[in-house]
There are 2 protein chains.
Amino acid sequence: MIGPADIEASTQPATDAGLAFRRHDHSNCCGGLIARADELAAERGLKLTPVRRRALEILLEEHRALGAYEVLERLAGEGFGNKPPVAYRALDFLVENGMAHRIARLNAFMACMHPGDDHTPMVMICRACRSVAEAPAEPVAAAVAESAASAGFAVEGTVVEALGLCSACRARGEV
Amino acid sequence: MIGPADIEASTQPATDAGLAFRRHDHSNCCGGLIARADELAAERGLKLTPVRRRALEILLEEHRALGAYEVLERLAGEGFGNKPPVAYRALDFLVENGMAHRIARLNAFMACMHPGDDHTPMVMICRACRSVAEAPAEPVAAAVAESAASAGFAVEGTVVEALGLCSACRARGEV
DNA sequence: TCTTGACTGTTACATTATAACATATGATAT
DNA sequence: ATATCATATGTTATAATGTAACAGTCAAGA
Ligand SMILES: [Zn+2]
Ligand SMILES: [Zn+2]
Ligand SMILES: [Zn+2]
Ligand SMILES: [Zn+2]
């Protein structure tokens with residue numbers, strides 16, 4: 001059964017930290033985010049072409065970090081090109097336009113859960129199930145900015161990734 | 001001329017954020033850190049063998065992120081093996097033992113400026129000169145831990161990297 | 001219609017990283 | 001002393017990740 005919290009999760013970005021780690025109406029959250037991506041593209045005059053749209057769907061279907069070659073494999077299986085640039089270009093488009101994030105530590109990509117926010121998220125990566133989730137990064141960004149400022153460093157971007165065990169895996173007794 | 005601040009920088013870890021970005025007595029700071037690495041190895045029963053020691057020196061000589069193959073090239077030029085595992089093994093040893101850090105965003109490595117602290121640092125990466133520096137990460141780590149906790153996520157490690165312009169490059173009018 | 005620019009696809013290659021096995025070396029233990 | 005063992009080094013070969021450069025497609029605008 002799908003409870004109110006699940007519905008809320010797909011519409012209340014500020015409260016969905018760890019969504020990927022919880023039970024939720026997945027088809028709903030995916031559909032909602034694809035719709036949101038279409039809106040964004042329309043608003044901004046971007047072209048969410050078939051490959052790009054499908055790449056985003058693939059990321060959304062997983063709530064998990066996927067390597068470019070994993071995405072490529074699926075795209076190729078659906079009739080798109082099967083050469084690396086096909087995947088990298090689609091993924092780069094999604095990242096540049098805030099619809100996906102690159103995870104440096106994993107050399108992988110994930111769908112963004114708040115497209116349009118123009119945020120640099122903090123990403124949590126579960127080492128047991130490899131699922132990933134975004135968490136609010138404002139406090140972290142502030143701390144980074146402060147440390148950097150005292151070194152005279154002008155921050156233009158950040159990579160903040162936490163590695164560990166998600167709540168589901170801990171509940172399941174994972175060590 | 002080498003001023004007091006430069007001396008201090010190599011012996012007062014808590015105050016050296018951004019050291020790499022400033023003028024300082026470089027041979028002094030390198031020598032001191034090699035000596036510190038020797039101490040650490042002795043304390044912990046680690047073997048800082050010739051390749052490992054040389055790999056660390058190479059990183060120290062640069063105050064800059066070096067790719068594994070850059071390190072390999074130098075090692076090979078000095079009579080060590082010239083196959084990738086030679087560099088990767090030395091670098092992995094240094095990272096595992098807190099004498100160097102891996103920079104996820106650059107697929108590169110840097111010498112640690114506070115070996116023995118057992119810290120996960122925040123790293124600042126200058127896009128103009130590619131120099132890197134560590135900054136205190138406690139406030140950042142705290143913010144990360146707090147965000148993660150509200151998602152039920154147990155943090156075991158973090159990657160915190162800031163990209164931007166260092167003070168030297170800004171002073172030099174870099175945009 | 002004809003350009004033009006953006007998108008897709010391909011070839012070919014560059015860069016980063018690891019598995020697996022062989023050899024050397026130094027520290028026990030007999 | 002010498003056999004044994006663990007650790008470290010070196011090699012071959014290959015995997016995984018990422019890009020440069022160019023050719024064909026297609027739709028929007030001159
Ligand atoms: Zn996001
Ligand atoms: Zn998990
Ligand atoms: Zn350090
Ligand atoms: Zn710089």
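Protein chains get the first letters and strands the later ones, always in sequence-line order, with residue 1 at the start of each.
- A:Y69 has no side-chain polar atom (N or O) that falls below the 4.0 Å cut-off from OP1 or OP2 of D:dA16.
- Between D:dT12 and B:K83, a contact under 4.0 Å exists linking OP1 or OP2 to a side-chain N or O.
- Nearest to the side chain of B:P85, among D:dG18, D:dT9, D:dT12, sits D:dT12.
- Side chain B:R89 to base D:dG10: a donor-acceptor pair is found below 3.5 Å.
- Between the OH atom of A:Y88 and the C1' atom of C:dA14 there is a distance of 12 Å, rounded to whole Å.
- Rounded to whole angstrom, the span from the CZ atom of B:F80 across to the P atom of D:dA8 amounts to 15 Å.
- Between A:E96 atom CD and C:dA6 atom C1' there is a gap of 14 Å when expressed in whole angstrom units.
- Applying the ring pair (Phe, Tyr, Trp, His ring centres under 6.0 Å) criterion to B:F153, with sequence neighbours excluded, gives A:F21.
- Using a 4.0 Å heavy-atom distance criterion, B:R102 is classed as a sugar-phosphate-only contact.
- Summarising the geometry, atom CD belonging to B:E174 is positioned 7.0 Å from atom CZ belonging to B:R127; distances are rounded to the nearest 0.5 Å.
- Toward the 5′ end of DNA chain C lies the nearest nucleotide of B:A68, the other residue of the pair B:A68 and B:K47 mapping further downstream.
- Atom pair A:L106:CG and C:dA17:P shows a separation of 13 Å (rounding to whole Å applied).
- A close approach under 4.0 Å does occur between a side-chain nitrogen or oxygen of A:R52 and OP1 or OP2 of C:dC7.
- Cluster annotation: A:L165 and A:I125 are assigned to distinct hydrophobic clusters (Ile/Leu/Val/Met/Phe/Trp/Tyr, side-chain heavy-atom contacts under 4.5 Å, transitive).
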### Message
Evaluate A:H101 against A:H119 for ring pair (Phe, Tyr, Trp, His ring centres under 6.0 Å), listing each step before the verdict.
### Response
CA-CA 10 Å; A:H101 301 293; A:H119 58 167; 5.0 Å; yes

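- Taking atom CG of A:D92 as the reference point, atom P of C:dA6 lies 17 Å away to the nearest angstrom.
- Protein atom CG of B:L91 is 12 Å distant from nucleotide atom C1' of C:dA17, rounded to whole Å.
- One can place CG of A:N82 at 9 Å from C1' of C:dT10, the figure rounded to the nearest angstrom.
- Positionally, the nearest nucleotide of DNA chain D for B:V51 lies more toward the 5' end than for the other of B:V51 and A:F109.
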List the atom pairs, with distances to 0.1 Å, where a side-chain N or O of residues 44-62 of chain B and a protein N or O form a donor-acceptor pair under 3.5 Å, not counting sequence neighbours.
residue	atom	partner	partner atom	Å
B:R52	NH1	B:K47	O	2.8
B:R53	NE	B:D38	OD1	3.2
B:R53	NH1	B:E57	OE2	3.2
B:R53	NH2	B:D38	OD2	2.6
B:R54	NE	B:E78	OE1	2.5
B:R54	NE	B:E78	OE2	3.3
B:R54	NH1	B:E57	OE1	2.6
B:R54	NH1	B:E61	OE2	3.2
B:R54	NH2	B:E78	OE2	3.1
B:E62	OE1	B:R64	NE	3.0
B:E62	OE2	B:R74	NH1	2.7
B:E62	OE2	B:R74	NH2	2.8

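- A:N107 has its CG atom 16 Å from the P atom of C:dT15, to the nearest Å.
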